[in-house]
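In what follows, every heavy atom counts, from backbone to side chain, and hydrogens, waters and symmetry copies are set aside. If you're wondering where the values come from, they're calculated on a predicted model, not measured in any experiment.
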Amino acid sequence: MSGTRSFQAPKGTRDFYPPQMAVRRHIEEVWRRASIDCGFEEIDGPTFEHLDLYTVKSGEGIVSELFSFRRAGGEDDYALRPEFTPTLARMAAAKGSSLALPTKWFAIPSHFRAERPQRGRLREFFQWNVDVIGLGEPDGEVEVIEAAVLALERLGLDPHRVQVRLSHRDAVAALLTSLGTPEPSLPAAFELLDRFDRLPPDEFARRGEALGLDADSIARLRASVVAVQPMSEPAGAMAEAMGVTAAQLASIEPLQERLRRSGLLEWCTFDPGIVRGLAYYKGIVFEIHETGGAERAVAGGGRYDGLISLVGGPDLSACGMGMGDVVLSLVLRDRGLLPADEGESLLPRPDAFAVALSDDAAARLPSVLQGLRRAGLHARSSHRASRNLGKLLADANKCRARFAVILDAGVAEGSATVKDLASGEQSDVAIASLADELAARIAAESAR
RNA sequence: GCGACCGUAGCUCAGUUGGUUAGAGCACCGGAUUGUGAUUCCGGACGUCGCGGGUUCGAGUCCCGUCGGUCGCCCCA
């Protein structure tokens with residue numbers, strides 16, 4: 001045929017065939033259940049927004065990282081959403097003072113970023129967003145972290161495999177100030193901290209000097225950043241290990257106490273190297289990492305008081321986090337927490353697989369299937385013409401059906417043979433009561 | 001935006017210094033046989049060698065470009 005072309009998926013996007021889709025749904029279902037169980041309500045917004053919504057938050061520099069577009073002949077600039085927080089802030093702002101506080105929302109939207117794909121980073125991905133509006137520090141943060149930890153736990157992870165690494169802008173600022181960082185250099189110093197583990201030691205020192213720190217201060221800063229502490233450590237001991245005064249860590253203590261009451265301490269680490277984007281986060285910031293240190297952050301979040309008023313709403317406090325599906329899937333795979341068959345075993349299992357061994361039986365097959373389906377059962381049949389029972393059962397087995405319904409000469413008397421594919425047992429059942437019989441057996445099975 | 005490596009049936013790969021009509025194993029489809037997820041047998045579809053140029057008598061093989069993939073850098077909301 002002339003005029004045909006072949007196509008590849010665009011760079012950094014994924015096709016979800018049934019097994020991959022089953023894995024995605026598995027993760028999304030855990031996210032959704034954990035959110036709901038923690039009292040969050042689901043929202044969604046548009047896949048694209050006015051470009052300005054993103055530049056007003058992140059600056060013009062963000063545009064090169066976005067998929068932005070203008071309708072042919074139009075004059076408005078739009079962008080596919082690279083994150084959900086601006087949409088959420090806009091939605092909260094639009095409700096104005098009618099928004100009941102606190103408001104706890106979650107969403108599982110797709111996001112788009114015009115970046116070069118690499119391990120843990122794609123151009124389209126799914127991200128679970130959990131946000132609390134109208135709760136101050138540290139209550140909002142702990143609500144968010146609690147939901148994240150619940151989901152990770154349900155996915156099979158534990159505090160030995162993942163840790164919530166927390167920091168506090170005020171504590172780190174106090175540390176930097178005590179080391180002699182001039183006030184105007186603080187943002188640059190945060191940036192330096194953020195790059196700590198990516199810079200060679202001498203380069204770190206050189207940049208520290210440029211910020212007005214002497215050699216002794218740089219050494220102390222390095223020591224503080226390296227001194228990652230379990231959140232379960234008493235604040236006094238933590239301060240000592242970091243070489244700071246207890247007063248400089250004062251902003252951590254309420255958080256620590258609140259995490260203790262929620263039983264989350266063992267999941268959490270204090271890590272002054274956690275900085276996150278400077279654009280709008282303040283106060284507590286955190287990332288969730290697998291403890292091996294091989295993968296990128298599984299999740300990140302913090303407090304963004306001021307963003308809602310920035311997009312025209314009331315001055316509301318807010319905090320939240322985002323957890324992407326890409327890194328999370330890598331971590332789950334690394335830890336053997338996803339099926340080795342890449343999702344086949346997560347596909348929905350048919351309750352019944354009907355096969356016909358004669359022309360008369362084949363004529364009855366559609367009505368038998370319809371009866372089962374109307375009763376709410378997942379029923380399939382083979383699409384092959386063969387009357388070879390061995391091959392037909394192989395089909396039933398391949399899609400992991402629970403029961404085979406064998407239609408043969410017995411259909412003349414209204415009877416079928418039901419074979420339990422797990423045990424191999426089989427028995428004759430009246431076709432009229434097939435759906436009830438199978439439903440009863442499945443109910444009994446799930447009750448065990 | 002920059003760099004490295006990679007691209008041959010659905011999958012895993014083979015394919016000699018460029019040389020007939022590009023192969024294998026799984027998987028797949030149809031059928032026969034044995035009425036029970038199996039075995040055996042017969043048959044089928046299997047690929048514009050990512051795509052496009054170039055060099056050559058001749059390109060899966062060499063060169064250039066491009067599109068994808070993988071992994072780094074930048075960035076990471």
Rounding to a whole Å, what distance do you find between A:I62:CD1 and B:rC75:P? 13 Å
Which value, in whole Å, describes the distance between the C1' atoms of nucleotides B:rU40 and B:rU8? 33 Å
Tell me the interatomic distance from A:N388, atom CG, to B:rA32, atom P, rounded to whole angstroms. 8 Å
Of the nucleotides B:rA77, B:rG3, B:rG37, which has the atom closest to the A:L421 side chain? B:rG37
Counting side-chain heavy atoms from CB outward, which of B:rC71, B:rG68, B:rA77 is closest to A:K11? B:rG68
Could you tell me whether the side chains of A:T417 and A:D428 share a donor-acceptor contact shorter than 3.5 Å? yes
Before giving the answer on ring pair (Phe, Tyr, Trp, His ring centres under 6.0 Å), spell out for A:F353 and A:F403 the whole-Å C-alpha distance, their side-chain angles and the decisive distance to 0.1 Å. CA-CA 6 Å; A:F353 193 97; A:F403 295 99; over 10 Å; no
Quick one: do A:F48 and A:F69 satisfy ring pair (Phe, Tyr, Trp, His ring centres under 6.0 Å)? Show the steps, please. CA-CA 10 Å; A:F48 61 93; A:F69 57 95; 5.7 Å; yes
Expressed as a whole number of Å, how far does the P atom of B:rC11 sit from that of B:rG69? 15 Å
Measure the distance from CZ on A:R198 to P on B:rG72 and round it to the nearest whole Å. 13 Å
B:rG23 to B:rC49 separation - C1' atoms, rounded to the nearest Å: 12 Å
When you measure from the side-chain N and O atoms of A:R116 to the phosphate of B:rG1, is any distance below 4.0 Å, counting only OP1 and OP2? no
In sequence, state the C-alpha distance, the side-chain angles, and the governing distance for A:E75 and A:R70, and then conclude on salt bridge (charged side-chain N to carboxylate O under 4.0 Å, His left out). CA-CA 7 Å; A:E75 294 185 351; A:R70 178 178 293 192; over 6 Å; no
